[in-house]
Amino acid sequence: MPILIIALGVALLVFMIIKLKMNTFISLVVVSITVGLSLGIPWNKIAEVVEKGIGDQVGHLAIIFGLGSMLGKLISDSGAGHRIATTLTDKFGRRYIEWAVVIASFIIGLALFFEVGLVVLLPIIYVIAQEMNMALLYLAIPMAAALNVAHAFLPPHPAPTAIAGIMGAPLGQVLLLGMIAAVPTIIIMGPGYNHVLHRLAPQIYHKDVKIPVLGELKTFKEDEMPKFGISLVTAIMPVILIVIATVVKYVLPKPWLLSKVLRFIGIPDIAMIVSLLLAIYTVGLSRGMKMKRIGQSLETAVKQIAMMLLIIGGGGAFKEVLVEGGVATYVSHLFTNLDLSPIIAAWLITAVLRVCLGSTTVAALTGAGLAAPMIATTGVDPALMVLAVGAGSVFCDHVNGAGFWMVKQYLGLSLKEALVSWTTLTMLMSVVGLVMVLGISLFV
């Protein structure tokens, strides 16, 4: 059975990393090949499938991670991150800083992909944690929860937008109901989950976590840091550009040159390069930093994310062999004659696909295709089905997902710590999201 093969593959991966202390990327490639062959992928095709999985995953993220890491490094080295962090800590204090992070993450998450939001916010919360002598994970949990919920529920993110198209749901209604479901989910799975996890597993909240891409934390004097306004604008410029492009898409006629230009610079990859070029000037050249020093910072940032990119690519290889091995088809056959509430059925189908395939987008689109016929036969509101699929698509992010490895590497977690904190978070987040959708269905 494919699901048994996946389970054995995951067990082998955990054994190689934890017990044998094998390099994570090598372990992922070995397990991907083993699982792929076990699923019936021909010997002469398995290398091509693994290569495609790595290429698709790294190709999608390399520009965002590379440019995002350079931007984060420059913000850190210039003192801009330190300025933002110290201003926020002064305004909110230790008592309310967690809520400040949640609000900022949710607002940023409305416009950015999960991956982009992470690389934009991480340098800032890293400095905040250091300034307050606080564990990075204590701020990272609510940040990641807010970003992930926005990614699952709210247009214009690709998955909910595409699902709405498949199910014929109005985007405006999906956005409105998605906001109603997202806000309580973030509160429960951000600060709420954070406090419970801190009590049950305090040992994973390390205060001495170092993020390789940001290097050593520097101390700055008052006159060495840029002003708060320019620091903040520079740090969130990708958000600003993507928000402008999203608004323009619905406001200005497409043939207009201004509309084309603004939509072009709002493409995530383009927004990141524009933001980096702006940062080179605003927090670098304009403050007397030499181009040689700026170049050294950017080069260091790229070197420090090399292994992380390989590991994420390995996660993509694992995902690809599962897709190529026919796991999605097998799962769809399991749910052919489900006698459940359409909302629960849509969530369950997508959640099982997510666990097996390791890709939020693939699980969401496949689940939407399988669940869409239920709308006509049951009369359920299409917007609620979109949200149910979105909730299922983030269920149980584990070792076959690139997002899992990204969170693990960025937050300095061991494999066990990532499974305990992040995988558990995504499981509960998905269930809470489903409960919220069911609650909304009582009134819609």
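Nearest heavy atom pair, residue V432 against residue M189, reads CG2-SD, 3.9 Å. Closest non-hydrogen pair, V102 versus A146, comes out as O-CB, 4.0 Å. Closest approach of D77 and R293 over heavy atoms only: O-NH2, 3.7 Å. Nearest heavy atoms, V437 versus L384: CG1-O, 3.6 Å. The two residues M385 and M167 have their closest heavy-atom pair at CB-SD, 3.4 Å. Minimum interatomic distance between L137 and P142 (heavy atoms only, all atoms of both residues): O-CD, 4.5 Å.
Within the model, atoms SG of C356 and CD1 of I6 stand 4.0 Å from one another, a figure rounded to the nearest 0.5 Å. Going from atom CG of L28 over to atom CD1 of I33 covers 11.0 Å, rounded to the nearest 0.5 Å. Atoms CG and CD1, on L67 and I273 in that order, are 4.5 Å from each other to the nearest 0.5 Å. E320 contributes atom CD, which lies 10.0 Å from atom CD1 of I46 (distance to the nearest 0.5 angstrom). Note that CD1 of I230 is 6.5 Å distant from CG of L278, once rounded to the nearest 0.5 Å. From C396, atom SG reaches atom CG of L419 across 8.5 Å, with rounding to the nearest 0.5 Å.
Taking the side chain as every heavy atom from C-beta outward, L122 and L411 approach each other to under 4.5 Å. Within the 4.5 Å cutoff, side-chain heavy atoms of M134 are placed close to those of I97. You'll find the side chain of I186 stays beyond 4.5 Å of the side chain of F153, heavy atoms only.
Residues satisfying the side chain to side chain contact (heavy atoms under 4.5 Å, CB included) test with I17, not counting sequence neighbours, are L13, T24, S27, W405, L415. For the ring pair (Phe, Tyr, Trp, His ring centres under 6.0 Å) test, residues two or more places apart in sequence or in another chain that qualify with W422 are F114. Residues satisfying the ring pair (Phe, Tyr, Trp, His ring centres under 6.0 Å) test with F404, not counting sequence neighbours, are none. Every side chain to side chain contact (heavy atoms under 4.5 Å, CB included) that L258 has, sequence neighbours left out, goes to L252, L262.
With hydrogens and angles ignored, the 3.5 Å screen pairs no side-chain donor or acceptor of T423 with any backbone N or O of V420. With T87 contributing its side chain and R83 its backbone, the two residues share a donor-acceptor pair below 3.5 Å. A distance-only check finds a donor-acceptor pair linking the side chain of R94 to the backbone of M132 [under 3.5 Å]. Proximity of a side-chain donor or acceptor of T424 to a complementary backbone N or O of S421 within less than 3.5 Å is not detected. Between the side chain of R354 and the main chain of A363, no donor-acceptor pair closer than 3.5 Å is present. With hydrogens and angles ignored, the 3.5 Å screen pairs a side-chain donor or acceptor of S286 with a backbone N or O of Y281. T426 contributes no side-chain N or O that, together with a main-chain N or O of F395, makes up a donor-acceptor pair within less than 3.5 Å.
For Y96, the OH atom sits in a loose shell: 12 or fewer heavy atoms of surrounding residues, nucleotides or ligands are nearer than 6.0 Å.
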For this session: Would you sort out whether L425 and N148 count as a side-chain contact (heavy atoms from CB on, under 4.5 Å), showing the intermediate values?
Result: CA-CA 10 Å; L425 168 65; N148 214 19; over 6 Å; no
For this session: Check the pair V248, W256 against side-chain contact (heavy atoms from CB on, under 4.5 Å), reporting the backbone distance first and the verdict last.
Result: CA-CA 11 Å; V248 164; W256 287 15; over 6 Å; no
For this session: Take V431 and W347 through the test side-chain contact (heavy atoms from CB on, under 4.5 Å) and record every step on the way to the result.
Result: CA-CA 9 Å; V431 173; W347 176 87; 4.1 Å; yes
For this session: Show your working on side-chain contact (heavy atoms from CB on, under 4.5 Å) between M291 and I294 and close with a plain yes or no.
Result: CA-CA 5 Å; M291 196 63 206; I294 293 173; 4.3 Å; yes
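The pair K52-E324 does not meet the salt-bridge criterion, since no charged nitrogen lies less than 4.0 angstrom from a carboxylate oxygen.
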Quick one: side chains of residues 235-242, donor-acceptor pairs under 3.5 Å with protein atoms, not counting sequence neighbours, listed by atom name and distance.
none

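Contacts classified as side chain to side chain donor-acceptor pair (under 3.5 Å) and involving residues 182-197 (residues at least two apart or in different chains) are given here: E98-N194, E98-H195, Y138-H195, N194-Y205.
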